[in-house]
Amino acid sequence: MKKIYYIFLTPLFLYGQNLEELVDLSIQNRLINASEQNLESVKDEYKSVKSGYLPSLDLGGKYGIAEKETQSLAKKAGSVNASLNYTLYDGGKKPNVYDSYESTIKSGEESLESLKNEISLTVINYYFKYLSLISQKEAKLKEIEQLESQLERLSRFLNAGTTTEDEVQKLISSVENSKVTLQEIELEIITILHNLEYITGNKVDITAGSNIKELEDISKNAQRFDIKSLEFDVQTKLSNAKAQKSGYLPTITLDNTYSYYDNNFDNKAYENNALDHQNITSANLSWNIFSFGETKYKYESAYKSYLASKLNYEYEKNKANVDLQLALKAYDIAKAKIKSAEANLKASESAYEVIKSKFENGLVDNVAYLQSLSEKFDALSQLKTSINDLEIKKANIIYNSGKKLEEYIK
């Protein structure tokens, strides 16, 4: 049985997470769960408010013993009552309150999607940054390997007296500098893994091979989820302002109360005049005629809040449009960088082979060799970094176009 158990568990440890799996984990973290709970809280509150506008039925009862009995007050008396209440008109506040909650819920839904997209974009950046660092690490390891090989060769020449001590020391210095750079790269890799573990809430082991689909149809009127959320916020503020105007108008309620009385008189002569039940139906009007401008100031405050929200929405909307245009421009530049990096790698590899041959035959010094070696591996690393950076730029376009990033990962 234990063998079967280990067979099923082994794949969990053998295989790392690709980008799709990392994003799936990240948009199920506690921050997302908290936002979902907040949204559900608003929805439940809205249900409560709507229920408050429906007829309400209240039951009550009492029992008392009087010190002195009168014709209208029995020595011992009990009563049970049922009251049905309904707000017929509240000055027009109800539809605005409903509109406010509905736009608040829509804003919360868009805000939740925005949060998921922001986290997804962060994970995507970490993922491809990690791959770039891995390529830099591999290039640096190969560079160190080449340097140590040449160091070993020069050390033999030094022992044979065919080279100088300073030539060997230059190579030693280059090896040590490269090792320090390698440690810095490894620290960045560890930092990214820790950040991803913090976001996903899981141990992370990244698997390469994921890409971002290119967004083919880019709308000029595209809006990010956070901008849509702000738009619904504006609607909420406007509905809240309109709701304050209800204070200028009357409130009309309908009530019906049925009461049953059980009176126990010591003086039986009083019982003939005592009621055993009563039903009262009433229509009630309440109208605040004057309150020193309370309603006016409440409305003005709410309306100014709406205007501020509207201005903020327009500002953020324009800024988001600029962000999209910049993302598109950055994508074009990223493609050009790949072509440049490919040409640079080809040139540096050719130059390195020539200089390496001359260096080994004593035709050039180690300064030229070290520079050529560094240029070769830098070019190799830069090409892989440029390829990964292009994926990030595609993700930025998708994000700023208001699309769900999780749907564009392959």
Side-chain angles (χ1 to χ4, degrees), residues 18-20 22-23 120-147 178 181-182 184-185 188-189 192 206-220 222 320-359 364 368-403 405-410:
N18 58 26
L19 180 56
E20 184 178 7
L22 287 173
V23 169
S120 298
L121 184 61
T122 299
V123 171
I124 289 169
N125 273 275
Y126 279 142
Y127 178 83
F128 288 109
K129 176 67 174 176
Y130 172 87
L131 295 183
S132 294
L133 287 169
I134 291 297
S135 67
Q136 291 174 27
K137 178 181 176 179
E138 291 173 351
K140 190 58 65 175
L141 285 170
K142 290 178 181 177
E143 180 181 341
I144 292 171
E145 182 183 349
Q146 291 282 345
L147 287 171
S178 294
T181 302
L182 178 62
E184 291 173 344
I185 292 171
E188 289 188 65
I189 291 172
I192 285 177
I206 295 176
T207 301
S210 298
N211 297 102
I212 304 296
K213 297 177 187 176
E214 197 163 343
L215 185 61
E216 297 178 357
D217 184 20
I218 301 173
S219 173
K220 294 181 179 179
N321 289 334
V322 172
D323 289 342
L324 176 57
Q325 297 307 314
L326 291 175
L328 291 169
K329 186 64 176 177
Y331 175 69
D332 291 336
I333 294 173
K335 288 195 295 185
K337 280 185 176 180
I338 291 177
K339 292 182 179 179
S340 174
E342 288 173 339
N344 187 35
L345 176 61
K346 186 176 180 179
S348 61
E349 284 179 334
S350 298
Y352 170 74
E353 293 300 327
V354 172
I355 293 176
K356 178 185 177 184
S357 177
K358 291 182 178 180
F359 174 66
V364 297
Y369 169 74
L370 292 174
Q371 182 178 353
S372 177
L373 178 66
S374 177
E375 288 175 353
K376 172 191 172 182
F377 287 109
D378 284 347
L380 178 62
S381 175
Q382 186 58 48
L383 175 58
K384 293 183 178 180
T385 298
S386 297
I387 292 172
N388 290 324
D389 185 58
L390 182 66
E391 300 300 315
I392 294 174
K393 295 299 187 290
K394 286 193 286 186
N396 282 328
I397 292 174
I398 294 167
Y399 172 82
N400 284 291
S401 296
K403 306 293 183 181
L405 279 164
E406 58 184 301
E407 297 177 354
Y408 287 82
I409 298 172
K410 60 180 180 178

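Values in this document were obtained by computation on a predicted structure and should not be read as measured data. Atoms considered below: every heavy atom in the structure, side chains included; atoms not considered: hydrogens, waters and symmetry mates. Count residues from 1 along the sequence.
- Taking CG of Leu324 as the start and CD1 of Ile397 as the end, the distance is 7.5 Å to the nearest 0.5 Å.
- Atoms CD1 and CD1, on Ile212 and Ile398 in that order, are 6.0 Å from each other to the nearest 0.5 Å.
- By the 4.5 Å heavy-atom criterion applied to side chains, Leu405 and Ile409 are not counted as neighbours.
- Checked against side-chain hydrogen bond (donor to acceptor under 3.5 Å, both in side chains), Asn344 has no partners two or more places apart in sequence or in another chain.
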Compile the donor-acceptor pairs under 3.5 Å between side chains in residues 120-128 and protein atoms, sequence neighbours left out, one pair per line.
unit_1, atom_1, unit_2, atom_2, d
Ser120, OG, Lys116, O, 2.8
Thr122, OG1, Glu118, O, 3.0
Asn125, ND2, Leu121, O, 2.8
Tyr126, OH, Asn195, ND2, 3.2
Tyr127, OH, Thr207, O, 2.7
Tyr127, OH, Gly209, N, 3.4
Tyr127, OH, Ser210, N, 3.3

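- Screening residues 130-142 for salt bridge (charged side-chain N to carboxylate O under 4.0 Å, His left out), with sequence neighbours left out, gives Lys137-Glu186, Glu138-Lys384, Lys140-Glu143.
- Looking at residues two or more places apart in sequence or on another chain, you find a side-chain contact (heavy atoms from CB on, under 4.5 Å) between Glu349 and Leu345, Lys376.
- Minimum interatomic distance between Ser135 and Ser381 (heavy atoms only, all atoms of both residues): OG-O, 4.2 Å.
- Atoms CG and CG, from Leu182 and Leu141 in turn, are 5.0 Å apart once rounded to the nearest 0.5 Å.
- Taking OG1 of Thr385 as the start and CG of Leu390 as the end, the distance is 12.5 Å to the nearest 0.5 Å.
- Note that OH of Tyr130 and CD1 of Ile192 are 9.0 Å apart. Values are rounded to the nearest 0.5 Å.
- Checked against side-chain hydrogen bond (donor to acceptor under 3.5 Å, both in side chains), Gln136 has no partners two or more places apart in sequence or in another chain.
- With Ser357 contributing its side chain and Glu353 its backbone, the two residues share no donor-acceptor pair below 3.5 Å.
- By the side-chain hydrogen bond (donor to acceptor under 3.5 Å, both in side chains) test, Lys129 pairs with no residue at all, sequence neighbours left out.
- Residues satisfying the salt bridge (charged side-chain N to carboxylate O under 4.0 Å, His left out) test with Lys394, not counting sequence neighbours, are Glu391.
- In this structure Lys346 satisfies the side-chain contact (heavy atoms from CB on, under 4.5 Å) test with no other residue, sequence neighbours excluded.
- When the side-chain hydrogen bond (donor to acceptor under 3.5 Å, both in side chains) test is applied to Asn388, the partners found at least two apart in sequence or on another chain are Ser132.
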Compile the donor-acceptor pairs under 3.5 Å between side chains in residues 329-342 and protein atoms, sequence neighbours left out, one pair per line.
unit_1, atom_1, unit_2, atom_2, d
Tyr331, OH, Glu214, OE1, 3.1
Tyr331, OH, Glu214, OE2, 2.6

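- In this structure, the separation between CG on Asn321 and CG on Leu326 is 11.0 Å, given to the nearest 0.5 Å.
- Residues passing the salt bridge (charged side-chain N to carboxylate O under 4.0 Å, His left out) test with Asp389 are Lys393, sequence neighbours excluded.
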